[in-house]
2 protein chains.
Amino acid sequence: MGDESTPASMKALARNGRRSGPPAAATILDVARRAGVSTATVSRALAAPDKVAEETRARVIAAIAATGYTPNASARNLRARSTQIVLALLPGISNTFFAPILNAIEDTLSAAGYGMIIGDTRHSLQKEAHYTRFILAGQVDGVILFTGQIPRDGDVASASGRVPIALVCNEIVGERRYSVFDVDNRAAAARATTHLIAAGHRHLGHVAGDARNIEAVERMKGFRLALKRAGIPPDEAAIWEGGFRYEDGVAAATRFLALRERPTAIFASADHAAIGFIRTVRDAGIRIPEDVSIVGFDDIDYASVIDPPLTTMRQPRASLGRLAAEDLLQRMGRDAVDVPPIRERLRCDLIERETVGPVATARSVRRPAKLQREGSGAARGGVT
Amino acid sequence: MGDESTPASMKALARNGRRSGPPAAATILDVARRAGVSTATVSRALAAPDKVAEETRARVIAAIAATGYTPNASARNLRARSTQIVLALLPGISNTFFAPILNAIEDTLSAAGYGMIIGDTRHSLQKEAHYTRFILAGQVDGVILFTGQIPRDGDVASASGRVPIALVCNEIVGERRYSVFDVDNRAAAARATTHLIAAGHRHLGHVAGDARNIEAVERMKGFRLALKRAGIPPDEAAIWEGGFRYEDGVAAATRFLALRERPTAIFASADHAAIGFIRTVRDAGIRIPEDVSIVGFDDIDYASVIDPPLTTMRQPRASLGRLAAEDLLQRMGRDAVDVPPIRERLRCDLIERETVGPVATARSVRRPAKLQREGSGAARGGVT
DNA sequence: GCGGGCGGTGTAATCGATTGCATCGAGGTC
DNA sequence: GACCTCGATGCAATCGATTACACCGCCCGC
């Protein structure tokens, strides 16, 4: 510590001397010198405390406190080839649907010492490409995708093989390198539709999602399947493609209102769209559920808040998030190189609230034979 | 390129040979060898194309394409001491209030070549500490904070000085190292309250936020200020502290309903709380705005969706986000070391919808003299 | 004909941590 | 007492890029 102290301090001066910027952060070398040990010992004192003598470790800890040292993540990541961070890639944070899934992911990951950061692509391929570079550059150890659609050039798919990827509520057709966690959209949509049919409805409409979205397609298939089972021909004029957003529900409602022969019940492929639909038709004087019944999908927070509270298929969002995170943890582990991707499909639950009732008597419909429920009164309840 | 090719390939084998994991990513050295140049030239071909001969650059580009090379971010960050990434730290992504702000931030940053990632602290000091380490470890070049409250040990404040920090819709008292972008909460709250007074109300309640939140405190002050100006004594039994969330509005409504002498108008410190309040009192048979008028704060998306559409103070969220991002860009620039933090306070706009009406005639109130509006009919409109 | 400038490129130091291997002393064993 | 073991520590290579500096032709001007 004798003669090299001068060049060392000059170096520190050189770092801090230029301009009046903030003082340079302490490095592991600063800590080592102050504790009178080598950098290797400092590193070990932090990473493997039992390999360092009690007394030495105390000195290191003290030196760290005195210098305010924080390990430089870039250096560590470079050497260790891992970041202990997972990126969750969303198509839009304004969609509250994702929040409970993300919470579950974060809880699961942080319990294992991993961190989670969120990226928002806002449905933009360009922004997605930006995050793809981020992933390929080794900035994260794993990815959870909510955005996958059809494989495209330069999309996140190109990162497969480098880091493990899990898809949640989504699927990329023809891609076997991801784990997939979703619900059985077709079966759930069929159940929702059947619920309307059971209430006596024979003329049904569908607020469909984007045809490029695999989930939207599956829900549409489930809708048609339920109709077919009940022997009801679909009314193509009452099937409106668009998307899962509020505005898409508004657009569908506009087309609904323009219809000469309106359906008496609607299955909406997403709650946001269902709410946009309800809001719009009510402004036009249509009563829910007296004039039109409606079932949504997702059970977002506002489903129970709007008026009337929305009957909907609930997705087990927390479970989806937890499973995806656990899968990623397994496949990110340094000893687990050959853990194959898995696929899990969870069940949805129908949450009955107040938007489904019997067919309005005013309409010219044959009185439904198998109607058991008593209408909005009985449909009341569900969850809070 | 003669005799060292053997050790090089052995090295590559060593990297790829262990286990059956994914092939190691190509490094700049792989590209350099394939293009027959040095790593310096490859680096320059990417970072400073005009410093490299046209023909050489073409060879490098081809080599990059052939190898599938992506620069390792950790190495670059380590050397360049910057990441070109900004972290936005939220108390909870389930709160849709933040979405438009974040979008504006992302747009502004990405136009300047920066990326944005989101961290969610969920009001947990422990999770915040996790992100603090992330920041101190040099993983980001700047931070936008939505979470700051009272300075605490180990919170993000300890990162000040290392990286520039901007606060949005928040403030940390006694902290001068941040830029702050918010609205004049006190003035806006006073205007909202005055709007109710102008409609004839003389008995006002307040759904207040968390007393530890500076914004909530300011809004409460504005509420009281407006009352004082109008010569109305505050009814302390009708001021309910809680928070900005839906549940807090529900809790306030419960206490409102228990009141013997209920106020005829409510100023809620946040839309989410206002909506919880409305939903709850309506279930108890109270009509809005006939029995109770209410003004919210924020103008979140659902403010116009709920029934009846909520009259509220709109915060200029996109502007706040844009300004914060621009400020950060200035202070992150390598040549801008001494750019001081700034403070901007923006104006809110009152958005009149349908939750404010005149005082119910049934109540024993002196007929308001200066009431001009005709009630819910005239209050209709506002924005979509 | 020679020096200077300049465009293009390579060499090697550097960023800050981790970690395999060497070293060293203390204590135990035969 | 020589040798071995083992815990504690240091030395130095390493991760993959960036970049200051040196170098080499080539062209130009005087």
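It should be emphasised that the depicted structure is a prediction, and the values quoted were computed from it without experimental measurement. Basis for what follows: all heavy atoms, side chains included, without hydrogens, waters or symmetry-related copies. In the text below, chain A, chain B and the rest are named by the order of the sequence lines, each starting its count at 1.
Side-chain atoms of A:N170 do not come within 3.5 Å of backbone N or O of A:L167 as any donor-acceptor pair. Looking at A:D120, its side chain does come within 3.5 Å of a backbone N or O of A:I93 through a donor-acceptor pair. Panel note: side chain B:T83, backbone B:Q139; a donor-acceptor pair is recorded below 3.5 Å. A distance-only check finds a donor-acceptor pair linking the side chain of B:N77 to the backbone of B:A73 [under 3.5 Å].
Atoms CG (A:N72) and C1' (D:dC15) sit 13 Å apart, rounded to a whole Å. Atom CD1 of A:I64 is separated from atom P of C:dG16 by 16 Å (rounded to the nearest Å). We find that CZ of B:R33 is positioned 15 Å from C1' of C:dG10, with the value rounded to whole Å. Atom CD1 in B:I28 sits roughly 17 Å away from atom P in C:dA12 (whole-Å rounding). In this structure, A:D30 places its CG atom 9 Å from P of C:dA17, rounding to the nearest Å. Look at CG on B:L29: it is 14 Å from C1' on C:dT11, rounded to the nearest Å.
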Nucleotides 4-7 of chain D: which of its N/O atoms have a protein N/O under 3.5 Å away?
none

N/O to N/O distances under 3.5 Å, protein versus nucleotides 6-8 of chain C:
none

Protein-nucleotides 22-25 of chain D N/O pairs under 3.5 Å:
none

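The side chain of B:Y69 contributes an N or O atom lying less than 4.0 Å from OP1 or OP2 of D:dA17. Between D:dG16 and A:R81, a contact under 4.0 Å exists linking OP1 or OP2 to a side-chain N or O. For the pair A:S43 and C:dT18, the criterion of a side-chain N or O lying under 4.0 Å from OP1 or OP2 is met.
Among the protein residues, B:T41 comes within range of the sugar-phosphate backbone only, with heavy atoms under 4.0 Å from sugar or phosphate atoms but none that close to a base. Heavy atoms of B:V42 sit nowhere under 4.0 angstrom from any nucleic acid atom.
Between its two ends, the helix from C:dG1-D:dC30 to C:dC30-D:dG1 turns its axis by 60°, counting five pairs per end and rounding to 10 degrees.
Pairing each heavy atom of A:S179 with each of A:D327, the nearest pair is OG-OD2, 2.8 Å. Across every non-hydrogen atom of A:Q84 and A:D141, the tightest pair is N-OD2, 2.8 Å. Nearest heavy-atom pair, B:R331 versus B:I165, reported as atom, atom and distance to 0.1 Å: NH2-O, 2.6 Å. Here the closest heavy-atom approach between residue A:F134 and residue B:I85 is recorded as CE1-CD1, 3.2 Å.
Summary of the strand contacts: B:A47 and B:L78 both lie near DNA chain D, and taking for each the nucleotide with the nearest heavy atom, the more 5' one is attributed to B:L78. Nearest-nucleotide assignment on DNA chain C puts the 5′-proximal partner with B:A75, out of B:A75 and A:R76.
Considering CD of B:E326 and CD1 of B:I342, their distance stands at 9.5 Å, rounded to 0.5 Å. The line from CG of A:L145 to CG of A:L87 is 8.0 Å long, rounded to the nearest 0.5 Å. Atom-to-atom distance recorded for B:L89:CG and B:I135:CD1 is 6.0 Å, nearest 0.5 angstrom. If you take CG on A:L90 and CD1 on B:I118, they are separated by 7.0 Å, rounding to the nearest 0.5 Å.
The base of D:dT14 sits within donor-acceptor range of the side chain of A:R79, with an N or O pair under 3.5 Å.
If you check D:dA17, C:dT18, D:dG10 against the side chain of A:A40, the one that comes closest is D:dG10. Closest to the side chain of A:T27, out of C:dG16, D:dG16, C:dG10, is C:dG16. Distance from the side chain of B:R44 is smallest to C:dT9 among C:dA17, C:dT9, D:dA17.
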Donor-acceptor pairs under 3.5 angstrom involving side-chain atoms of residues 40-57 of chain A: please list them, not counting sequence neighbours.
from  : atom 1 : to    : atom 2 : distance (Å)
A:T41 : OG1    : A:S38 : OG     : 3.4
A:E55 : OE1    : A:R59 : NH1    : 3.1
A:E55 : OE2    : A:R59 : NH1    : 3.3

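Side-chain contact between A:I105 and A:R322 is absent, with no heavy-atom pair separated by less than 4.5 Å.
Within the structure, every pair that satisfies the side chain to side chain donor-acceptor pair (under 3.5 Å) test and touches residues 103-113 of chain A, not counting sequence neighbours, is listed here: A:N103-B:R122, A:E106-B:R122, A:E106-B:K127, A:D107-B:R122.
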